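Below: the structure, in structure tokens.
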Amino acid sequence: MNPNYLDFEQPIADLEAKIEELQLVGTDNDLNIGEEIAKLRDKSTKLTESIYSNLSAWDIVKVARHPQRPYATDYIKRVFTDWDELHGDRHFGDDKAIVGGIARLDGKPVMVIGEEKGRSVNEKVMRNFGMPKPEGYRKALRLMEMAERFKMPVITLIDTPGAYPGIDSEERGISESIAQNLAVMSRLRTPIICTVIGEGSSGGALAIGVGDHLNMLQYATYFVISPEGCANIIWKTVEKAPLAAEAMGVTSSVLEELGIVDETIPEPMGGAHRDMDLMAQRLRERLSHQLDTLAETPIDELLEKRYQRLLSYGN
Amino acid sequence: MSWLDKIVPKLTRSDAERGASRVPEGLWKKCVKCGAVLYRPELERNNDVCPKCDHHMRIGARRRLDTFLDEDGREEIGSEVEPIDRLKFKDVKKYKDRLSDAQKSTGEKDALVAMRGSVNGLPVVAVAFEFAFHGGSMGYVVGERFTRAAQVSLAENIPLVCFSATGGARMQEALISLMQMAKTSAVIERLKQQGTPYISIMTDPVYGGVSASLALLGDINAAEPGARSGFAGPAIIEQTIRQKLPKGFQRSEFLLDHGAIDMIIHRNEMRDKVSGLLSKLTGRSAA
């Protein structure tokens, strides 16, 4: 099994392996292999298209958690310019599961806040696998309030397996830190655009997810409890996670229908990780357009709209 | 089967058995903490607090509001809001059926009851979670009733008091339930901006999405003695960190010690304590 491909993608992996083999042969003799390779490439594209047009909710959860999926810092590098990272909550520490800072989008200053899982093993440990602690959410809050003072829009990138469930997290008030963000974001006097780029898990995702516009990348996922957690409670086994994912409707198409997600940003064929630059370009274009649109609404009106929308959830 | 069983009619026998078990079950209750067998009427007079060990037993939403509010002038808020199964959620059982089972066993439409009334003569809006209904979980109805109650508070500048008892968000309502966290937090923030007091009282237990929203946003956060509250449940934390949790972890006393709550309030002092606080916060005097 090729670790760069998910289980349901193995037929694609097999084809790609064949193509690679042929290419190696092709360099040492000039048999007419070019045509064969082109055919296989075509077949691989078609296969990817057909597999990806039929993904189950659980498959999408796997794509959202793909080890090569672009993370917040990958997008920060590609979507924004002139990035200055800002650190610390000013009370306890600097939580590296959340990155934040000032950058420019189309030349205009914005505050960017993202949850970051980390790529290498060392980085994953340093970033606590993208599971923020209270100081992470409090850093985010500090930066959002700063954005309000300097009239900068806030752009958040959501990607977390959840807020960290640990003794220290509880001791320092993880619940309060999340609750506080929800309260303040509901009235922050600057436009807020939130995008679920990978895994949006529960309160730990929502804590940077309240705003004027909610995007989801096509194969991102957003849930109140992980499919594994849900399966464990209902069926007493994580084996049933695919059923739980289906039942909870964890994908952008369901959430758009429910009126919770505003917009789904299409991913490159085979997922964002197949072409990070293209994905980043699409994200930049949408964010830039959305910011321009939000800027047309006077701030008081925008806040009233945000509030009414929050109140309407579930109606 | 003995000859006696054969000649005693079955009906009579089972009736007698039922009759025999009815007396102790109805009149006596065992304290889950100290094991004392307690005389029910006496226990009720003590607000379901064990007279032997002071354990605060779980009580239902209506009884909670009944023991808290003055007798006169109560009016329920949001009772017309009823659950909707938008996702047609089904696991081993349909969510719709789970709802009707819970409705039958509790007599409530959902897990939150909201009322306006007064406490020691001070006007309040009070809401209480019904833990027996689906673990007091927060879905659309809980969020909506809470919000409507808070809107009454906002419009009339009447303090809001919340008694929470919940396992967290209701997973059968998926993201709709998650969004109730944002919704309730938004309306609480409006109360805060307006200077209308909100007092949050956590009763055993308060976890997950409710803990990470409305339960910890009070101007004053308080808890009953021994109540457990946290974001993640102890089992999840133990599983993550692979070590045993310290004694008393996530209990009210722990929360007080770590600065999460302002005070611990004994159930028998709830009315006087809360009305005393509200009187100082609002400048109105209690009866």
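A note on names: the letters A, B, ... follow the listed sequences, proteins ahead of strands, and every chain is numbered from 1. Remember, predicted model here, so these are calculated numbers, not experimental data. What's counted below: heavy atoms across the whole structure, side chains too, no hydrogens, waters or symmetry copies.
Heavy atoms of Ser213(B) lying under 4.5 Å from chain A belong to its backbone as well as its side chain. Proximity to chain A (any heavy atom under 4.5 Å) is shown, for Tyr95(B), by neither the backbone nor the side chain. Contacts between Glu173(B) and chain A at a heavy-atom distance below 4.5 Å are absent for every atom of the residue. With a threshold of 4.5 angstrom between heavy atoms, Glu246(A) does not approach chain B through any atom at all. Proximity to chain B is limited to the side chain of Leu258(A), based on heavy atoms less than 4.5 angstrom apart. The parts of Asn315(A) that come within reach of chain B are both its backbone and its side chain, each placing non-hydrogen atoms under 4.5 angstrom from that chain. Looking at Ala163(A), both its backbone and its side chain come within 4.5 Å of chain B, counting heavy atoms on both sides. Contact of Thr240(B) with chain A is made through the side chain alone, with heavy-atom distances under 4.5 Å.
Among all heavy-atom pairs drawn from Cys230(A) and Met171(B), the shortest one is SG-SD, 3.8 Å. Closest approach of Met179(B) and Tyr222(A) over heavy atoms only: CE-OH, 3.8 Å. Heavy atoms only, all atoms of each residue included: Pro165(A) and Ile241(B) are closest at O-CG2, 4.4 Å. When all heavy atoms of Tyr140(B) and Tyr313(A) are compared, the pair lying nearest together is CD1-O, 3.8 Å. Across Ile167(A) and Ile237(B), no two heavy atoms sit closer than the pair N-CG2, 4.0 Å. Considering every non-hydrogen atom in both Phe89(B) and Ala247(A), the closest pair reads CD1-O, 3.3 Å.
Using non-hydrogen atoms only and a strict 4.5 Å limit, the part of residues 153-169 of chain B facing chain A consists of Leu154(B), Ala169(B). Contacts of residues 180-195 of chain B with chain A at a heavy-atom distance below 4.5 Å involve Gln180(B), Met181(B), Ala182(B), Lys183(B), Ser185(B), Ala186(B), Val187(B), Glu189(B), Arg190(B), Lys192(B), Gln193(B), listed in sequence order. Contacts between residues 244-252 of chain B and chain A, counted as heavy-atom pairs separated by less than 4.5 Å, involve Leu245(B), Pro246(B), Phe249(B), Gln250(B). Residues of residues 97-107 of chain B having a heavy atom under 4.5 Å from any heavy atom of chain A, listed by number: Arg98(B).
No side-chain heavy atom of Gln180(A) sits less than 4.5 Å from a side-chain heavy atom of Leu216(B). Side chains of Val261(A) and Leu175(B) form no contact here, defined as non-hydrogen atoms less than 4.5 Å apart.
Residue Lys240(A) qualifies as open at atom NZ: its count of foreign heavy atoms under 6.0 Å is 12 or below. Atom CD of Glu239(A) has 12 or fewer heavy atoms from other residues, nucleotides or ligands within 6.0 Å. Around NZ of Lys124(A), the count of heavy atoms belonging to other residues, nucleotides or ligands within 6.0 Å exceeds 12. When the shell of 6.0 Å around CD of Glu257(A) is examined, it contains 12 or fewer heavy atoms from other residues, nucleotides or ligands.
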As a quick check of understanding, evaluate side-chain contact (heavy atoms from CB on, under 4.5 Å) for Leu178(B) and Phe223(A), giving each step before the final call.
CA-CA 8 Å; Leu178(B) 189 73; Phe223(A) 40 73; over 6 Å; no
Output, in order, the C-alpha distance, side-chain angles, deciding distance and verdict of side-chain contact (heavy atoms from CB on, under 4.5 Å) for Leu87(B) and Val254(A).
CA-CA 9 Å; Leu87(B) 286 161; Val254(A) 178; 4.0 Å; yes
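From Glu176(A), atom CD reaches atom CG of Leu217(B) across 7.5 Å, with rounding to the nearest 0.5 Å. The line from CE of Met248(A) to CD1 of Ile176(B) is 13.0 Å long, rounded to the nearest 0.5 Å. How far CD of Gln172(B) is from CD1 of Ile225(A): 9.5 Å, rounded to the nearest 0.5 Å. Between Glu170(A) atom CD and Phe254(B) atom CZ the span is 7.0 Å, to the nearest 0.5 Å.
Counting heavy-atom pairs under 4.5 Å between each of Val210(A), Ile174(A), Leu206(A), Leu243(A) and chain B puts Leu206(A) at the top. Options Val184(A), Asn181(A), Leu310(A) differ in how many heavy-atom pairs under 4.5 Å they form with chain B, and the most are formed by Leu310(A). Contact count versus chain A (heavy atoms, under 4.5 Å) is highest, among Ala260(B), Gly230(B), Gly209(B), Ser229(B), for Gly230(B).
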